[in-house]
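Notes follow the structure.
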Amino acid sequence: MYALVDAVAFYASAEKVFDPTIRKRPVVVLTNNDGCICATSPEARALNIPKFEPYFKLKGYLNQHNVVVRSSNYELYADLSSRMMNVIGRFCDNQYVYSIDESFLQFKGFASLIDDWHQYGQEIRLAVWRETKLPVGVGFGITPTLAKAANHAAKKLEGFNGVAVIDDKHSAQAILSRMKVTDVWGIGGRLGKKLNLMRIYSAQDLANQSPKNMRKQFSVVVERTVEELNGKVCLSWDEVKQDKQEIFSTRSFGNRVTDIQSLKSSLITHCAIVGKKLRQQASLTNRLVIFAHSSPHEDKFYKRSYLYDFPVPTSDSRILAKAVSEVLPLLFEQGVRFYKAGVGAIDLVSERYMQEDLFTPSSDNQKLMRSIDGINRLFGKGTITLASEQQTKQWAMKREFLSPRYTTRWKDIPKIVC
DNA sequence: TCTGGGGTCCTAGGACCC
DNA sequence: TCTGGGGTCCTAGGACCC
C-alpha cells in the first residue's frame, strides 16, 4: 500500500500558520519577483482566482475582493515543510519527500497493523494539524498513481473529508469515474485534448484502455499510467525516488541586469545551489549548461547558452563557478537587458562509479564541500559562500509583500502580547 | 513606469560520421 | 522505372508538475 500526503494550498496555508488574523480570509502567494500567482487558499479559489496568471493583471480584482497578497517566503515554507514531513514520516515504513509539500509513503510491516485506512488517514491529518497547523489531504492506493488519484479525491471531490482510499477495483472505479482524465498524474492539458478526441474523458475511461495501444499512440509514460490505474505497480519505490538526471538552478532578476559583474555573481550563486543539490544526491556532473537571456516579451530576444565539459566529473561548487568565469565573456553582451540566467548540470553520474582521469589530478575537494554544507545547515543558509557570489546583489529578487521569517530568524520570532 | 515562475524529463529532427 | 543505412550526438521545443 502507498499513500500520498500533501498540504492544501501549501504556501497559502503556511502564511496562515503564524497569522491567525488571515486564517479565514482569501490569501494568494506570488512567485519570485512577485510575478505570478502560484498558490490560492480555498477562500481565494472560491473567488475564481486562477493560478499562474501574472499578478499585475489581477491586482485590481484582488484589491476589490480584499484578498491578502504575499510574496513567496521560502525560508518559512522550507522550515514548515520539514516540520510537517517529520510528523508524517512517523506513520509509515518509508517516506519519500517528493516536493516541498508532498510525500509518498510506503507501508510494508506497518500495513499489517492498520485495519482501517480511513481512520489512519484521519490520524495523520490530526497529528499534522496539531503539531504544525497545516491542513493536509491523504490518499491511499495500491500503486503510487492510484495514491495520487485518491489524494485528488480526498481534497477535491465531495464527501471525502480529506482522506480517500483505493484498495481494490471497486474503490478505484468509484473514484476514477468521477475524475477528469487530466486530473490523473502525468496527464496534462495537451494529452487531455488528444485523449478527449478518442472519447476518453474520465480517469476511468483511461484505465479501460489497452496499455499497448496507449504506448503506440503516445508513449511509455502513458502506458505505465494505464497499468498503474489498474493496480499494477510500474513505478517501483526506487523509480519514484530516482536520482535526478539533471539539476538546474535558474532565476529571473528583480531588476533587469546590464552589467557583467551582476550577471557573474548571479550565475555563481546558481553554481553553488546546483553543487549543493548534486552533493545531496551523491552525483557528479560531466557538463554544465550556462545560459542567460533577455525578456521573451521584448522585441528582440537575446539568448545565449554554452555547454562546458569537465575533464573529470565534479560536484565541487568552486569548479562549477570556474566554468562560469570562463564562459561569461561569451555570454555577456553590452546593452542587453538581461531578464533571466541560470546553470544546469546535465549528464550526471553517481559518486560511487567516478572514473578518475590519469592525467588530471583531482582538484575536487569533497571534504571541504561537505564541511561547508554542514556549516550552512547548522548556522543557516549563506553562512559560508563563494566570494564571487557576494560581489553584488543588484540582481536579487523583488519581494514586496514578504511576511516575517517566523521560525528561522531571531528578530522575526512571533511575540505573544498579553 | 513597468510588470509575465521554476524544475525535470522526453522527443523529434538535424548534423555528422562511417 | 525507381530506388539508397544505421548510429550517435546535439538542440530546441514540448509536455508535465507544483
Side-chain angles (χ1 to χ4, degrees), chain A residues 4 6-14 28-40 50-60 69 71-72 74 77 81 97-104 137 144-145 148 151-152 155 181-195 215 217-225 235 239-256 266 270 273-274 277-278 281 283 286-287 289 291 293-298 301 303-307 309 337 339-348 397-401:
Chain A
L4 183 84
D6 74 347
V8 177
F10 180 57
Y11 292 177
S13 297
V28 302
V29 178
L30 309 179
T31 56
N32 282 330
N33 296 321
D34 298 337
C36 291
I37 293 169
C38 70
T40 52
K51 280 211 255 175
F52 303 108
E53 281 287 310
Y55 166 59
F56 73 91
K57 285 189 180 169
L58 286 157
K59 216 170 183 171
V69 176
S71 304
S72 288
Y74 288 114
Y77 308 152
S81 167
V97 176
Y98 179 69
S99 73
I100 192 162
D101 82 316
E102 52 187 332
S103 59
F104 278 102
T145 305
K148 261 274 196 188
N151 176 278
H152 174 88
K155 296 196 306 180
V181 69
T182 47
D183 292 332
V184 174
W185 191 27
I187 308 293
R190 299 298 177 97
L191 271 173
K193 266 192 192 140
K194 288 182 193 162
L195 289 165
R215 184 195 193 127
Q217 301 272 339
F218 302 100
S219 66
V220 217
V221 185
V222 181
E223 180 193 20
R224 277 198 300 224
T225 301
L235 302 162
E239 275 170 294
V240 173
K241 51 182 293 190
Q242 237 170 21
D243 282 346
K244 305 247 181 293
Q245 296 171 30
E246 50 185 51
I247 293 173
F248 275 75
S249 174
T250 73
R251 206 112 310 173
S252 45
F253 302 118
N255 295 306
R256 298 281 194 272
S266 83
H270 291 306
I273 293 168
V274 166
K277 287 188 180 173
L278 283 170
Q281 70 164 35
S283 287
N286 277 305
R287 54 186 356 189
V289 194
F291 76 89
H293 61 78
S294 66
S295 167
H297 306 289
E298 250 163 57
F301 184 43
K303 179 170 182 168
R304 268 184 206 171
S305 77
Y306 286 92
L307 283 173
D309 286 284
R337 299 173 67 237
Y339 164 79
K340 184 173 184 169
V343 308
I346 56 178
D347 192 2
L348 308 189
M397 61 191 167
K398 191 170 81 187
R399 292 195 291 186
E400 238 177 282
F401 318 105

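Worth knowing before you read on, the calculation uses all heavy atoms, side chains too, and leaves out hydrogens, waters and symmetry mates. To find a chain, count down the sequence lines: A is the first, B the second, and so on, and within it residues start at 1. Note that the coordinates shown come from a computational prediction; the quantities given were computed from them, not determined experimentally.
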Take A/Phe56 and A/Val221, find for each the nucleotide of DNA chain B with the closest heavy atom, and name the residue whose nucleotide sits nearer the 5' end.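 The residue whose closest nucleotide sits nearer the 5' end is A/Phe56.
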5'-most contact on DNA chain B: A/Cys38 or A/Lys59, nearest heavy atom basis?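 It is A/Lys59, whose closest nucleotide lies nearer the 5' terminus.
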Could you tell me which residues satisfy side-chain contact (heavy atoms from CB on, under 4.5 Å) with A/Leu307, sequence neighbours excluded, listed by chain and number?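 With sequence neighbours excluded, A/Leu307 shows a side-chain contact (heavy atoms from CB on, under 4.5 Å) to A/Arg287, A/Val289, A/Ile346, given in chain and number order.
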side-chain contact (heavy atoms from CB on, under 4.5 Å) involving A/Lys194 - partner list, sequence neighbours excluded: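 A/Lys194: side-chain contact (heavy atoms from CB on, under 4.5 Å) contacts with A/Phe218.
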List, one per line, each side-chain donor-acceptor pair under 3.5 Å for residues 181-192 of chain A, sequence neighbours excluded.
unit_1: A/Asp183; atom_1: OD2; unit_2: A/His152; atom_2: NE2; d: 3.4
unit_1: A/Asp183; atom_1: OD2; unit_2: A/Lys180; atom_2: N; d: 3.4

So, OP1 or OP2 of C/dT11: does either fall under 4.0 Å of a side-chain N or O from A/Arg304? no
Does a side-chain N or O from A/Arg287 land closer than 4.0 Å to OP1 or OP2 of C/dC10, or not? yes
Between [X] (side chain) and [Y] (backbone), is there a donor-acceptor pair under 3.5 Å?
X        : Y        : answer
A/Gln281 : A/Lys244 : yes
A/Thr31  : A/Cys38  : no
A/Ser103 : A/Tyr98  : no
A/Asp243 : A/Ser283 : no

Quickly work out the [X] [atom1] to [N] [atom2] distance and round it to whole Å.
X        : N      : atom1 : atom2 : result
A/Leu30  : B/dG4  : CG    : P     : 12 Å
A/Asp34  : B/dC2  : CG    : P     : 19 Å
A/Asn255 : B/dC2  : CG    : C1'   : 11 Å
A/Phe301 : C/dG13 : CZ    : C1'   : 12 Å
A/Glu298 : B/dG4  : CD    : P     : 10 Å
A/Tyr306 : C/dA12 : OH    : P     : 12 Å
A/Arg256 : B/dC2  : CZ    : C1'   : 9 Å
A/Glu400 : B/dG4  : CD    : P     : 13 Å

Within the structure shown, what part of the strands sits under 4.0 Å from A/Ser219 by heavy-atom distance: base, sugar-phosphate, or nothing?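 Counting heavy atoms under 4.0 Å across all strands, the contact made by A/Ser219 is with sugar-phosphate only.
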Hey, does [Y] have a side-chain heavy atom less than 4.5 Å from the side chain of [X]?
X        : Y        : result
A/Gln245 : A/Leu348 : no
A/Val29  : A/Ile37  : no
A/Asn151 : A/Glu102 : no
A/Pro50  : A/Leu58  : yes

Please list each protein N or O that sits under 3.5 Å from an N or O in nucleotides 7-9 of chain B, with the distance.
unit_1: B/dG7; atom_1: OP1; unit_2: A/Arg251; atom_2: NH2; d: 2.9
unit_1: B/dG7; atom_1: OP2; unit_2: A/Thr250; atom_2: N; d: 2.8
unit_1: B/dG7; atom_1: OP2; unit_2: A/Thr250; atom_2: O; d: 3.1
unit_1: B/dG7; atom_1: OP2; unit_2: A/Thr250; atom_2: OG1; d: 2.7
unit_1: B/dT8; atom_1: OP2; unit_2: A/Phe248; atom_2: N; d: 2.6
unit_1: B/dC9; atom_1: OP1; unit_2: A/Gln245; atom_2: N; d: 3.2
unit_1: B/dC9; atom_1: OP2; unit_2: A/Gln245; atom_2: N; d: 3.0
unit_1: B/dC9; atom_1: OP2; unit_2: A/Glu246; atom_2: N; d: 3.0

Parsed dot-bracket for DNA chain B after applying the Watson-Crick and G-U rules with both distances under 3.5 Å and | for other-strand partners is ....||||||||||||||
Parallel, tilted or perpendicular, judged at 30° and 60°: which one describes the rings of A/Tyr77 and A/Tyr74? perpendicular
Would you list the protein and nucleotides 15-18 of chain C atom pairs, both N or O, that sit under 3.5 Å from each other?
unit_1: C/dA15; atom_1: OP2; unit_2: A/Arg190; atom_2: NH1; d: 2.3
unit_1: C/dC16; atom_1: OP1; unit_2: A/Gly188; atom_2: N; d: 3.2
unit_1: C/dC16; atom_1: OP1; unit_2: A/Leu191; atom_2: N; d: 2.9
unit_1: C/dC16; atom_1: OP2; unit_2: A/Arg190; atom_2: N; d: 3.0
unit_1: C/dC16; atom_1: O5'; unit_2: A/Gly188; atom_2: N; d: 3.4
unit_1: C/dC17; atom_1: OP1; unit_2: A/Val184; atom_2: O; d: 3.4
unit_1: C/dC17; atom_1: OP1; unit_2: A/Gly186; atom_2: N; d: 2.6
unit_1: C/dC17; atom_1: OP1; unit_2: A/Ile187; atom_2: N; d: 3.2
unit_1: C/dC18; atom_1: OP1; unit_2: A/Lys148; atom_2: NZ; d: 2.2
unit_1: C/dC18; atom_1: O3'; unit_2: A/Asp101; atom_2: OD1; d: 3.4

